[in-house]
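Working notes, structure below.
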Amino acid sequence: MWSAGRGRAAGPALLGVLLALSLPGGRAAKTDVGLVTCGSVLKLLNTQHRVRLHSHDIKYGSGSGQQSVTGVEASDDANSYWRIRGGTEGGCPRGSPVRCGQAVRLTHVLTGKNLHTHHFRSPLSGNQEVSAFGEDGEGDDLDLWTVRCSGQHWEREAAVRFQHVGTSVFLSVTGEQYGSPIRGQHEVHGMASASAHNKWKAMEGIFIKPSPDAPGGHDEL
């Protein structure tokens, strides 16, 4: 069985921003081509299966029992926003462009849990389970993902991969879909090898203006 948890709600100001982003014609998400920066809040689209990385206050009914992570087709769901953060030791100052090969944490905005994986089997495909873990953005060393991309920095128009630091799997979608209570949502899991199933692109979001003195930084917002 699946179970609903009791996550912490985001602050009213942040919820207001997310609501504005989700409205048809909302302009806050419209920015020029540029770099993904630390502190930005964004949605991630799996380019093969056309679903956005998503989480919600529903726990897996098997495996770890932690908060589930899925892929959804809707582009206007506020539960698909993630904040780009550094590791526990820092290394990702607000506004600094994310480097290819840099380890980051992806924190789910509305529940404060980090994108996480570990040696549990995913419920549908039998790959490695991906969950959301921690409280108020603090989890453990299994929350770190290396951004795999070509060039020097993560560019918003480019597809990238996320490779887990602890277990080396790639954040992936292969098309399996859940039934009740999250009918139609896609399983997100970890796969051992790089493929078209684990390419992601930055989509809607609030992108922090790159610091003027950061390598590759330039004005956008």
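Because the structure is a prediction, the values reported are computed rather than measured.
Looking only at atom types and distance, the side chain of N114 has a donor-acceptor partner in the side chain of T107 under 3.5 Å away. Checked by atom type, the side-chain pair S125/E187 shows a donor-acceptor distance below 3.5 Å. For the 3.5 Å distance criterion, the side chains of S122 and Q128 fail to qualify, holding no donor opposite an acceptor.
With respect to the salt-bridge test (charged N to carboxylate O, under 4.0 angstrom), the residues R52 and E204 qualify. Using a 4.0 Å cut-off between a side-chain N of Lys or Arg and a carboxylate O of Asp or Glu, R85 and E138 qualify as a salt bridge. Using a 4.0 Å cut-off between charged nitrogen and carboxylate oxygen, E73 and R50 do not count as a salt-bridge pair.
With a 4.5 Å cut-off on side-chain heavy atoms, F133 and D140 count as touching. Residues Q185 and H54 meet the side-chain proximity criterion, which asks for heavy atoms closer than 4.5 Å. In this structure, the side chains of D141 and V165 stay at 4.5 Å or more apart for every pair of heavy atoms. By the 4.5 Å heavy-atom criterion applied to side chains, L142 and T117 are not counted as neighbours. Contact check for Q67 versus H108: side-chain heavy atoms found under the 4.5 Å cut-off. Side-chain contact between H56 and I182: present, with at least one pair of heavy atoms (C-beta onward) separated by less than 4.5 Å. Between R156 and F207, some side-chain heavy-atom pair lies under the 4.5 Å cut-off. Between V173 and V51, the closest side-chain pair of non-hydrogen atoms falls below 4.5 Å.
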Requested in this report: Before giving the answer on side chain to side chain contact (heavy atoms under 4.5 Å, CB included), spell out for V130 and H164 the whole-Å C-alpha distance, their side-chain angles and the decisive distance to 0.1 Å.
Outcome: CA-CA 10 Å; V130 170; H164 190 243; over 6 Å; no
Requested in this report: Start with the C-alpha distance between Y81 and K43, add both sets of side-chain angles, then the distance that settles side chain to side chain contact (heavy atoms under 4.5 Å, CB included), and finish with yes or no.
Outcome: CA-CA 5 Å; Y81 282 108; K43 295 181 181 181; 3.4 Å; yes
Query - Candidate pair R83 and V41, rule side chain to side chain contact (heavy atoms under 4.5 Å, CB included), full reasoning - result: CA-CA 4 Å; R83 186 182 301 277; V41 173; 3.5 Å; yes
Report task. Check the pair E129, H118 against side chain to side chain donor-acceptor pair (under 3.5 Å), reporting the backbone distance first and the verdict last. Result -> CA-CA 7 Å; E129 180 194 276; H118 39 213; 2.6 Å; yes
Query - Residues I84, L42; criterion side chain to side chain contact (heavy atoms under 4.5 Å, CB included); working and verdict - result: CA-CA 8 Å; I84 308 297; L42 76 167; 3.4 Å; yes
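The cluster map of Ile, Leu, Val, Met, Phe, Trp and Tyr, joined by side-chain heavy atoms under 4.5 Å apart, puts V147 and W145 in the same cluster.
Note on ring orientation: taking the six-membered ring where Trp is involved, the planes of H197 and H49 are parallel (angle under 30°, cut-offs 30° and 60°).
Atom CG of residue L53 and atom CG of residue L171 lie 5.5 Å apart, to the nearest 0.5 angstrom. Atoms CD1 and CG, on I208 and L35 in that order, are 13.5 Å from each other to the nearest 0.5 Å. Atom CD of E176 and atom OG1 of T70 lie 13.0 Å apart (nearest 0.5 Å). Rounded to the nearest 0.5 angstrom, L124 CG and Y178 OH are separated by 4.5 Å. Summarising the geometry, atom CD belonging to Q163 is positioned 5.5 Å from atom OG belonging to S168; distances are rounded to the nearest 0.5 Å. The distance from atom CD1 of I58 to atom OG1 of T111, rounded to the nearest 0.5 Å, is 11.5 Å.
A disulfide bond (SG atoms under 2.5 Å apart) check over residues 46-135, counting only residues at least two apart or in different chains, returns the pairs C38-C92, C100-C149.
Using a distance-only test at 3.5 Å, with no hydrogens or angles considered, a donor-acceptor pair links the side chain of R105 to the main chain of G86.
Across every non-hydrogen atom of V188 and G71, the tightest pair is CG2-N, 3.5 Å.
With sequence neighbours excluded, the residues forming a side chain to side chain contact (heavy atoms under 4.5 Å, CB included) with R161 are R148, F170, A194, N198, K199, listed by chain and number.
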